Amino acid sequence: MGKNLTSRAENYSKWYNDLIVKADLAEHSAVKGCMVIKPYGYAIWEKMQATLDKMFKDSGHVNAYFPLFIPKSFFSKEASHVKGFAKECAVVTHYRLKNSDDGKEIVVDESARLEEELIVRPTSETIIWNTYRNWIQSYRDLPILVNQWANVVRWEMRTRLFLRTAEFLWQEGHTAHAGREEAVSETLKMLNIYAEFAEKHMAMPVIKGVKTESERFAGALETYCIEALMQDGKALQAGTSHFLGQNFAKAFDVKFTNKEGVQDYVWATSWGVSTRLMGALVMSHSDDEGLVLPPKLAPIQVVIVPIYKTPEERQATLEAASKIKQELQSRSISVKTDERDTHTPGWKFAEYELKGVPVRIGIGPRDIQNQTIEVARRDTKEKSTYQVVDAALKIEHLLEQIQDNIYKKALSFRETKTFSADTYEEFKEMLKHGGFVLAHWDGDPGTEGKIKEETSATIRCIPYENRKEEGKCIYTGKPSAQRVLFAIAY
RNA sequence: CGGGGAAUAGCGCAGGUGGUAGCGCGCCACGUUCGGGACGUGGAGGCCGGGGGUUCGAGUCCCCCUUCCCCGACCA
């Protein structure tokens with residue numbers, strides 16, 4: 001029996017949408033462009049949050065919270081910033097409702113118009129820098145290393161669950177520094193933290209790099225990013241870290257007195273990852289049977305399915321399950337025993353496969369007899385029989401192996417999908433099959449724009465650990481010092 | 001914001017030329033099952049997305065609105 005999941009080959013978009021909904025991660029809400037993140041999906045996000053939050057704190061950051069509403073005037077203070085976000089802002093204009101004259105409806109009370117409209121934050125640079133002005137007088141007040149976990153709203157035309165929704169959850173770090181070098185190094189430090197998180201926890205290989213001018217964050221001097229390749233060959237920006245220079249300090253007049261007693265503007269960074277990572281996670285590892293979750297982020301790492309016919313067998317298998325569960329829990333492994341009598345084992349197998357639980361244990365009468373358990377891993381669908389006596393230890397190792405295996409699988413996928421093009425014809429041909437294409441570019445945004453127009457491919461980044469290599473731009477033939485990373489992106 | 005679809009039971013769908021709604025899955029009850037989404041019998045469930053019209057009569061024809069999906073442009 002199938003799971004009624006569209007296969008990736010048949011329709012990748014449908015596969016993704018079906019999977020998100022059927023695996024209980026999220027669903028469309030009654031509000032256009034907004035999603036409901038369901039408990040199972042939210043549990044994964046919570047694990048991402050917990051891990052990232054610890055990484056942020058271990059690197060000296062602290063959490064705070066700034067308002068959801070941002071006065072419109074704040075936005076206009078940094079010219080390129082407002083330009084970048086103006087087209088997708090939700091604006092609050094009134095603060096009161098009233099009954100309509102016929103009493104049948106609730107309408108906006110036109111007399112309750114706000115003096116100054118409020119923008120629902122699409123990002124918090126402006127409100128934060130307006131606040132930092134009051135926090136900073138001296139170099140002794142620096143650095144400020146603040147992060148916030150929040151929701152933001154960007155009024156998107158076209159939305160997709162997790163990948164692009166009008167409201168999404170994220171974290172945004174906003175730091176203030178006394179010197180340029182320190183701010184640049186903070187930007188890179190956070191980029192590295194994101195890359196480490198992606199690779200070690202999400203098991204998703206990423207390429208670190210710098211964005212070109214046209215892909216840069218509105219208001220930044222430099223945007224660094226991690227780029228991942230999805231199974232359909234499209235690239236996904238998974239996180240960004242911005243060096244903001246003194247742009248926001250100048251816009252909000254945030255000065256400090258340095259050690260020499262001279263006034264200077266503060267240097268800034270901002271960095272963020274969002275619930276989009278959920279989409280990245282799904283599209284990196286999952287297959288036609290359902291989700292494949294990396295053990296480090298799986299809400300349930302091991303599920304135990306008891307198999308029995310008689311009440312006596314039920315009793316015996318549940319007892320055996322309980323012992324294994326305790327042993328696994330003592331190794332900090334999250335375990336669930338599915339004791340429900342309302343579904344057959346086969347049904348449960350399919351269900352946990354759909355939900356991507358990394359390891360499934362089956363315990364039936366035969367196992368009780370032999371002092372064994374059946375262990376099935378989700379990533380390879382391989383089944384083995386373990387002796388109960390050393391099962392917990394082996395499963396602990398198995399989880400590590402699965403984490404490692406899905407990373408390697410994703411990495412090898414990316415490697416086979418990464419090409420080098422030396423001519424424009426070659427470039428266009430390679431793009432047809434999806435994947436990353438490394439090619440020379442003359443550094444001109446105009447050229448980049450034309451390539452995008454003609455092929456839909458964008459420069460995802462200039463890889464950070466790039467090998468310098470003399471060459472000629474595939475489009476103009478002008479000299480180029482290195483290859484840049486092209487792809488069709490989400 | 002353009003271009004295509006679509007909206008009928010919880011989900012997926014069928015309902016030529018108008019005559020008062022059906023199938024599969026799911027749900028409920030009982031029994032037999034249970035090592036890869038079990039089976040039988042019985043049952044519940046619908047102002048056919050919303051609003052107007054045409055008609056004796058509209059799921060079906062006409063107009064308007066709303067929402068969702070897919071593909072582009074824009075963006076994390």
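Within every chain, numbering begins at 1; the chains are lettered A, B, ... in the order of the sequence lines, protein sequences first and strands thereafter. Just so you know, these numbers use all the heavy atoms, side chains as well, and skip hydrogens, waters and symmetry mates. Please read all numbers here as calculations on a predicted model, not as lab measurements.
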Atom pairs under 3.5 Å: protein N/O with N/O of nucleotides 26-31 of chain B:
none

Please list each protein N or O that sits under 3.5 Å from an N or O in nucleotides 6-11 of chain B, with the distance.
none

Subject >> Nearest-angstrom distance, P atom, B:G2 to B:G46 >> reply: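 Rounded to whole Å, the distance is 38 Å.
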
**OP:** Not counting sequence neighbours, which residues clear side chain to side chain donor-acceptor pair (under 3.5 Å) with A:R158? List them please.
**Re:**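 Side chain to side chain donor-acceptor pair (under 3.5 Å) check on A:R158 returns nothing, list empty.
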
**OP:** Any salt bridge (Lys or Arg N to Asp or Glu O under 4.0 Å) involving residues 218-242 of chain A? Give me the pairs, sequence neighbours left out, ordered by first then second residue.
**Re:**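 Listed once each, the pairs are A:K211-A:E227, A:R216-A:E222, A:E227-A:R460.
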
Original post:
If you look only at pairs with a residue in residues 78-89 of chain A, which of them pass as a salt bridge (Lys or Arg N to Asp or Glu O under 4.0 Å), with sequence neighbours excluded?
Top reply: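 Qualifying pairs: none.
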
Original post:
Taking OP1 and OP2 of B:C69, is either one under 4.0 Å from a side-chain nitrogen or oxygen of A:S13?
Top reply: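 False: A:S13 side-chain N/O out of range (4.0 Å or more) of B:C69 OP1/OP2.
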
**OP:** Please determine if a side-chain N or O atom of A:K309 lies less than 4.0 Å away from the OP1 or OP2 oxygen of B:C34.
**Re:**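 It does, given that an N or O in the side chain of A:K309 lies less than 4.0 Å from OP1 or OP2 of B:C34.
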
Original post:
Got a donor-acceptor contact below 3.5 angstrom from the A:T165 side chain to the A:F162 backbone?
Top reply: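 Between the backbone of A:F162 and the side chain of A:T165 there is no qualifying donor-acceptor contact (under 3.5 Å).
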
Subject >> Evaluation steps, ring pair (Phe, Tyr, Trp, His ring centres under 6.0 Å), between A:F243 and A:W271 >> reply: CA-CA 9 Å; A:F243 171 56; A:W271 27 274; over 10 Å; no

**OP:** For A:S274, answer base if it contacts any base atom (sugar-phosphate contacts may also be present), sugar-phosphate if it contacts only those atoms, and nothing otherwise; contact means non-hydrogen atoms under 4.0 Å.
**Re:**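 Base contact.
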
Original post:
Please, which pairs that meet side chain to side chain donor-acceptor pair (under 3.5 Å) have at least one residue in residues 356-368 of chain A, sequence neighbours excluded?
Top reply: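 Found A:D367-A:T372.
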
